[in-house]
Amino acid sequence: MKIKLILVLILFLCFVPAQPQSVAQKRAGRMEAGMNLSYLDNYWLGTKEKKFADFVKVSDVAKREKMFADIAKAGFKTVRIPINFGAWASLKPPYEWENKEGPEAADLFVKWALANDLNVIIDLHHTELDNSIPGAATTERIVSLWKRIAERYKNTDREKVFFELRNEPHDISAADWRAQAEQLIKTVRAVAPNHTLIVGFHDWNSRQALIDSKPFPDTNIIYTFHYYDPFIFTHQGATWSSEGLPELKNVPFPWSKDAKIQTPPIAKGKWIENQINSYQKDSAGEKMFADLKAAKEWAEKNKVPSFLGEFGSFNKYAALDARCRHAEIIYSSLGKLNIPSAWWEWDGGFNMFEPGTTKIADCMRKAIESYAAQKPVE
Ligand code: GLC
């Protein structure tokens with residue numbers, strides 16, 4: 001009798017259904033390794049007098065059709081499209097489109113992504129432009145942008161099209177961002193109840209902000225974070241970020257006792273110098289894995305999916321082999337932790353190409369492959 005009971009119990013335990021996956025978890029499970037295709041975010045190519053609305057060039061849009069095919073052919077399953085919708089709407093209510101070419105270019109990007117069977121993330125990027133245009137990024141204006149964007153794409157395939165509410169909110173407190181995000185969620189939900197949203201947190205979608213935050217009540221959300229650590233490696237030479245970075249070069253990866261990093265005089269006593277001092281520890285693979293694991297643990301604890309929406313390294317001064325080592329540590333960690341991602345970026349300064357070509361470098365290919373190789377078998 002006892003044996004029978006034990007047998008029944010064992011059978012029961014074997015067949016108890018695993019926790020059912022949420023819609024967001026299922027969709028996140030199909031994102032895999034993805035790619036950011038920048039261009040519709042490059043507002044700085046426009047003129048300030050026109051509030052940058054004129055940055056989109058029809059010929060540049062057209063030449064990107066092939067890139068979607070190339071991205072799919074390279075094995076990426078998802079494309080994240082950063083789009084500066086904010087440049088094309090008026091500054092005053094009712095915030096109508098002043099420039100139609102911009103949103104029409106976004107439509108084409110979405111169409112081309114779907115034609116290549118890619119998941120596609122419509123990402124509202126750089127609403128604050130260069131911070132010099134008053135009123136560009138008020139909550140009221142961003143809400144209105146989302147009303148228009150959600151209307152525009154509400155009939156797209158909800159299994160494949162994702163709405164990312166705001167890239168890298170910064171200079172906004174955690175509480176203020178949360179309040180704004182809640183309004184954006186409500187706005188989109190009124191128009192597109194079934195599309196999956198992608199939402200990150202304050203402080204530039206940082207990993208720490210994710211860990212310090214709570215998910216929203218809406219269950220159809222994937223939580224994003226960005227990971228550019230160690231920053232002095234990934235952003236050496238970058239002109240748009242911290243003081244001292246444009247002059248910083250020859251940062252190896254990982255740290256090596258034979259390659260002394262020179263602190264640019266302008267960075268003395270600043271954040272960059274601190275980063276140089278802690279670089280030996282910060283560039284260790286175990287440290288990077290632990291960082292990513294902490295993000296995954298947050299998602300598991302909250303029973304929500306997570307997504308690494310941006311990572312990569314700038315190719316101005318960083319050597320290709322070092323960039324590949326850095327990429328492989330992240331891709332293999334993402335594989336082990338089963339976190340989908342999007343590399344920054346396909347064809348700008350963070351690209352994966354063999355210098356001077358549009359062919360993915362062999363060592364980058366090896367890094368990408370480490371993702372699938374490390375992924376747990378389902
Ligand atoms: C962010 C910025 C983008 C920049 C990238 C790397 O996504 O929006 O302009 O190139 O980070 O710094």
Side-chain angles (χ1 to χ4, degrees), residues 34-46 48 52 55-56 60 64 67 78-88 102 106 109 120-133 136-137 142 145 162-172 177 198-210 223-249 251 253 271-272 275 307-318 322-323 326-327 330 341-353 364:
M35 180 57 70
N36 277 280
L37 182 54
S38 39
Y39 179 62
L40 293 180
D41 54 319
N42 290 353
Y43 71 86
W44 53 87
L45 302 176
K48 191 149 170 194
F52 307 105
F55 77 87
V56 168
D60 279 318
R64 282 178 163 72
M67 295 184 192
T78 299
V79 63
R80 177 174 181 260
I81 309 179
I83 309 174
N84 198 323
F85 284 104
W88 307 318
F109 274 31
V120 50
I121 300 168
I122 298 172
D123 153 40
L124 179 60
H125 217 82
H126 290 317
T127 33
E128 58 290 321
L129 299 161
D130 65 349
N131 287 315
S132 68
I133 297 176
I142 302 178
L145 287 176
F162 300 77
F163 297 154
E164 184 168 337
L165 299 184
R166 186 172 176 187
N167 177 67
E168 299 189 343
H170 54 277
D171 299 324
I172 183 170
W177 163 243
I198 298 190
V199 186
F201 292 95
H202 53 285
D203 196 20
W204 309 86
N205 288 155
S206 74
R207 189 188 64 87
Q208 194 57 50
L210 171 95
Y223 289 87
T224 185
F225 66 102
H226 294 178
Y227 188 72
Y228 283 112
D229 284 8
F231 204 73
I232 54 164
F233 174 72
T234 64
H235 278 69
Q236 52 187 306
T239 50
W240 60 90
S241 188
S242 307
E243 207 178 5
L245 269 186
E247 299 79 12
L248 185 67
K249 43 177 101 166
V251 180
F253 187 88
W271 183 73
I272 293 298
Q275 296 301 300
F307 165 65
L308 175 55
E310 287 189 20
F311 70 110
S313 54
F314 188 31
N315 66 9
K316 186 172 180 184
Y317 297 138
R323 295 180 64 223
H326 173 261
I330 299 186
S341 65
W343 175 267
W344 185 271
E345 61 197 313
W346 181 250
D347 69 329
F350 284 57
N351 73 65
M352 295 180 152
F353 304 144
M364 280 293 181

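Values reported hereafter were calculated over all heavy atoms of this structure, with side chains retained and with hydrogens, waters and symmetry mates removed. Just so you know, ligand 1 is whichever comes first in the structure, and atom 1 is the first atom listed for that ligand.
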Partner of Glu168 under side chain to side chain contact (heavy atoms under 4.5 Å, CB included), chosen from Glu310, His202, His126: Glu310
Any Trp204 heavy atom less than 4.0 Å from ligand 1: no
Nearest neighbour in protein (non-hydrogen) for atom 8 (O) of ligand 1: His125 NE2, 2.8 Å
Mutual orientation of the aromatic rings belonging to Trp240 and Phe314 [parallel < 30°, tilted 30-60°, perpendicular > 60°]: perpendicular
Mutual orientation of the aromatic rings belonging to Trp88 and Phe55 [parallel < 30°, tilted 30-60°, perpendicular > 60°]: parallel
Selection from Phe231, Tyr43, Phe314, Trp344 by shortest heavy-atom distance to atom 5 (C) of ligand 1: Trp344
Winner among Glu310, Glu168, His126 once heavy atoms are compared against atom 9 (O) of ligand 1: His126
Ligand-side contact atoms (ligand 1) for residue partner [X], heavy atom cut-off under 4.0 Å:
X: Asn167; value: 8 (O)
X: Tyr228; value: 5 (C), 6 (C), 11 (O)
X: His235; value: 6 (C), 12 (O)
X: Trp240; value: 12 (O)

Asp41, portion touching ligand 1 at heavy-atom distance under 4.0 Å: neither
N/O donor-acceptor pair under 3.5 Å between Glu164 side chain and Ile198 backbone: no
Check: Tyr228 main-chain N/O paired with Thr234 side-chain donor or acceptor under 3.5 Å: yes
Side-chain donor-acceptor pair present, Ser38, Asn36, cut-off under 3.5 Å: no
Sub-4.5 Å side-chain heavy-atom contact between Tyr223 and Phe201: yes
